[in-house]
Amino acid sequence: MRQFTEEERIARVWDKEEAKKVLFRNMYYMAGNQRQEALDRLWVQEPAHTATASFGKNWGYYIGMDEIRRYYVDGNPFGGKGTMNCHPVATIRVEEAKDGETILCQWYNASYETREVNGELTALWVCEKGNADLVKEADGWKIWHYFIGTDVQNEAGVNYADQPVDLPDAENPVAQEFGEPTLKMEAYITRYNYYPYPAIPEPYETYRPELGCGPEGNPNYKA
């Protein structure tokens with residue numbers, strides 16, 4: 001195993017803190033409805049990365065920055081009066097590649113949203129597993145792949161035991177908001193308890209697609 005010098009170890013600690021700052025800022029941009037600013041400031045900008053950038057949820061992936069913008073900015077459901085959302089980054093694990101070029105992150109959050117459902121403002125509790133692959137560009141760490149796996153969504157003020165489980169997509173407000181992704185697939189399946197994708201980040205030498213939270217890392221992915 002490679003032994004890092006003291007200076008290298010300090011630099012790697014700094015890298016991890018900078019990567020966490022990117023994800024924390026992304027959460028505040030999301031809550032503040034500054035989605036275009038998030039894409040401009042926090043996501044990849046170099047052509048080598050923009051074509052393979054991805055934003056995934058349970059139902060598939062938007063691939064490429066143009067497609068991500070179509071979903072995340074053009075299809076933003078939180079612009080109306082009374083809507084709001086907060087998706088904090090908690091219990092985060094950060095693992096930097098030995099080559100120092102990429103960082104894999106995973107966290108878990110208890111979130112809330114108020115969105116329109118069938119024309120009515122509806123408050124939801126949402127429990128999610130979050131993952132991000134960050135890559136080092138000329139001006140710092142950038143989000144390359146981002147994945148949110150929804151485990152539970154529960155209408156506020158309603159007994160969870162009284163609500164239907166595993167709603168069909170047509171009745172699922174989070175699925176409806178996700179729309180028609182570039183790659184439509186069952187990406188995160190929680191019908192049968194805990195789902196092992198995305199994997200908890202472990203030490204690694206250099207980035208390989210199967211390690212990350214993009215589509216190639218998903219066990220259900222078919223080229």
[Y] side chain reached by [X] side chain, heavy atoms, under 4.5 Å:
X: V117; Y: E177; result: no
X: K136; Y: T102; result: no
X: N131; Y: K129; result: yes

Side-chain heavy atoms nearer than 4.5 Å, only ILVMFWY residues, links allowed to pass through others: does that put [X] and [Y] together?
X: Y29; Y: W107; result: yes
X: Y197; Y: V152; result: no
X: Y71; Y: I63; result: no
X: I92; Y: L211; result: yes
X: L23; Y: M30; result: yes

Output the distance between atom [atom1] ([X]) and atom [atom2] ([Y]), rounded to the nearest 0.5 Å.
X: K142; Y: E137; atom1: NZ; atom2: CD; answer: 6.5 Å
X: I68; Y: D66; atom1: CD1; atom2: CG; answer: 9.5 Å
X: S54; Y: E216; atom1: OG; atom2: CD; answer: 7.5 Å
X: D99; Y: E101; atom1: CG; atom2: CD; answer: 5.5 Å

Please indicate whether [X] has more than 12 foreign heavy atoms, meaning atoms of other residues, nucleotides or ligands, lying under 6.0 Å from its [atom1].
X: N159; atom1: CG; result: yes
X: R9; atom1: CZ; result: no
X: Y28; atom1: OH; result: no

* **Where at least one partner belongs to residues 146-172, residue pairs that pass salt bridge (charged side-chain N to carboxylate O under 4.0 Å, His left out), sequence neighbours excluded** =>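 The answer is D166-R191.
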If only side-chain N and O atoms count, and only distance matters, is there a donor-acceptor pair under 3.5 Å linking [Y] with [X]?
X: N172; Y: Q176; answer: no
X: K57; Y: Y146; answer: no
X: T52; Y: W144; answer: yes
X: Q163; Y: N154; answer: yes
X: E128; Y: Y188; answer: no

Sub-3.5 Å donor-acceptor pair from the side chain of [X] to the main-chain atoms of [Y], do we have one?
X: Q106; Y: P198; answer: yes
X: R12; Y: E96; answer: yes
X: T122; Y: E120; answer: yes
X: Q36; Y: Q34; answer: no
X: T91; Y: Y108; answer: yes
X: E95; Y: Y204; answer: no
X: D133; Y: L104; answer: no

* Test N218 against Y61 for side-chain hydrogen bond (donor to acceptor under 3.5 Å, both in side chains), laying out the working first. => CA-CA 11 Å; N218 195 303; Y61 302 83; 2.9 Å; yes
- Task: For Y160 and Q153, run side-chain hydrogen bond (donor to acceptor under 3.5 Å, both in side chains): C-alpha distance rounded to whole Å, both residues' side-chain angles, the deciding distance at 0.1 Å, then the answer.
- Result: CA-CA 9 Å; Y160 183 62; Q153 56 183 8; over 6 Å; no
- Query: Looking at F55 versus F147, is the centre-to-centre ring distance below 6.0 Å?
  - Reply: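 No: the rings miss the under 6.0 Å criterion.
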Is the Y62-F178 ring centre distance short of 6.0 angstrom?
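Between F178 and Y62, which both carry aromatic rings, the centre distance is below 6.0 Å.
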(Q) As a quick check of understanding, evaluate side-chain contact (heavy atoms from CB on, under 4.5 Å) for N109 and V89, giving each step before the final call. (A) CA-CA 6 Å; N109 61 46; V89 178; 5.8 Å; no
